[in-house]
Amino acid sequence: MNLDFSQIVPYIPFILEGIGATLKFVIVSILAGFILGTILAIFKITSFWPLKAIADVYTSIFRGTPLILQLMIIYLAIPQLTGYDISAFLSAVLAFGLNSAAYVSEIIRAGIMAVDKGQTEAAKALGVPYRSMMLNIILPQAFKNILPALMNEFITLTKESALVSTIGYLDLMRRAQIAGADLYRNFEPLFFAGVIYWVMVTILTLAGRYVERRMRQSD
């Protein structure tokens with residue numbers, strides 16, 4: 001076996017800088033996806049059919065097409081159609097945020113539907129406005145039920161973040177590829193990047209379990 005990890009030592013600081021670049025767009029994408037997903041979930045359970053139709057069509061499109069295709073369309077087609085030279089970072093945030101929103105909306109919708117209908121009926125009987133009922137009564141209970149599913153979605157998003165290397169964004173994966181091209185040795189830098197991804201996902205998993213335990217204790 002022709003392995004020599006000592007050769008990637010000079011590239012380690014360069015590769016490690018990709019952690020910050022990766023987490024930067026992943027965190028923004030997660031926040032955008034969570035906010036938009038919550039709005040779409042509310043649209044899906046409303047009795048106003050145009051909003052429900054919009055949410056259903058949105059989810060169908062973004063769940064029914066590959067994420068890498070969505071990323072390429074945003075990065076390559078927007079400049080062609082609008083003349084706006086969109087950056088790799090903004091393209092990544094839009095693609096991952098919009099894609100995540102479709103999955104998050106289904107998770108939150110299922111969580112809302114799992115809440116006892118008696119809660120809704122009691123709130124309506126007391127004259128609680130719909131907005132206050134959703135924000136203060138229904139959604140907090142739903143989030144407790146769907147926390148594991150949300151954490152799985154965020155973990156998946158973190159792993160799939162490597163796709164942004166295809167548009168030249170200097171994330172962890174792209175930096176490992178650059179190091180491999182310079183060294184003419186791809187296994188060592190890619191293996192090193194894989195270890196970092198594994199550590200990040202493990203930390204997210206442990207954090208999710210900790211939050212879940214604390215929420216159970218508070219019940």
* Rounded to the nearest 0.5 Å, how far apart are OG1 of T22 and CD1 of I196? -> 9.0 Å
* **Minimal non-hydrogen separation, I74 against I86, with atom names** => O-CG2, 3.6 Å
* Structure fact -> CD1 of I35 to CG of L40, rounded to nearest 0.5 Å, is 12.0 Å
* Asked: According to a 4.5 Å side-chain heavy-atom criterion applied to Ile, Leu, Val, Met, Phe, Trp and Tyr, with indirect links allowed, do I45 and I54 form part of one hydrophobic cluster?
  -> no
* **I19 side chain reached by D171 side chain, heavy atoms, under 4.5 Å** => no
Donor-acceptor pairs under 3.5 angstrom involving side-chain atoms of residues 159-167: please list them, not counting sequence neighbours.
unit_1, atom_1, unit_2, atom_2, d
S161, OG, T158, O, 2.5
S165, OG, A162, O, 2.8
T166, OG1, L163, O, 2.6

* Hey, any chance M200 and V195 share a hydrophobic cluster, counting ILVMFWY side chains that come within less than 4.5 Å of each other, even indirectly? -> yes
* To do: For the residue pair V26 and F154, establish whether any side-chain heavy-atom pair is separated by less than 4.5 Å.
  => no
* **Non-hydrogen side-chain atoms of Q7 and E188 separated by less than 4.5 Å** => no
* Gap between atom CD1 of I73 and atom CD of Q80 - 0.5 Å precision -> 11.0 Å
* From N152 CG over to L157 CG, what is the distance, rounded to the nearest 0.5 angstrom? -> 12.5 Å
* Asked: Within the side chain of S105, is there an N or O that forms a donor-acceptor pair under 3.5 Å with the backbone of A102?
  -> yes
* **E106 and T59: side chain donor to acceptor below 3.5 Å** => no
* Are the side chain of T205 and the backbone of V201 linked by a donor-acceptor contact shorter than 3.5 Å? -> yes
* Asked: In terms of the angle between their ring planes, are F5 and F187 parallel, tilted or perpendicular, with boundaries placed at 30° and 60°?
  -> perpendicular
* To do: Grab the two heavy atoms, one from I8 and one from P189, that are nearest each other, plus how far apart they are.
  => CG2-CD, 3.8 Å
* **Straight-line distance of E17 CD to R175 CZ, nearest 0.5 Å** => 5.0 Å
* Group every Ile, Leu, Val, Met, Phe, Trp and Tyr by side-chain heavy-atom contacts under 4.5 Å, then state whether F43 and F48 land in the same group. => yes
* To do: State whether the side chain of Y169 and the backbone N or O of L90 hold a donor-acceptor pair below 3.5 Å, judged by distance alone.
  => no
* To do: Could you list the residues that satisfy salt bridge (Lys or Arg N to Asp or Glu O under 4.0 Å) with R174, not counting sequence neighbours?
  => none
* Asked: Does the Q70 side chain pair with the main chain of F62, one donor and one acceptor, at a distance under 3.5 Å?
  -> yes
* To do: Walk me through it: do I30 and F96 pass the test side-chain contact (heavy atoms from CB on, under 4.5 Å)?
  => CA-CA 8 Å; I30 285 174; F96 278 75; over 6 Å; no
* Cluster question for you: counting only ILVMFWY and a side-chain heavy-atom cut-off of under 4.5 Å, with indirect links fine, are I112 and Y103 together? -> no
* Minimum heavy-atom distance between L190 and A176, given as atom pair plus value -> CD2-CB, 4.2 Å
* Asked: Are Y84 and L94 grouped together when hydrophobic residues (ILVMFWY) are joined by side-chain heavy atoms under 4.5 angstrom apart?
  -> yes
* **Spatial distance of atom CZ (F192) from atom OH (Y11) [nearest 0.5 Å]** => 14.0 Å
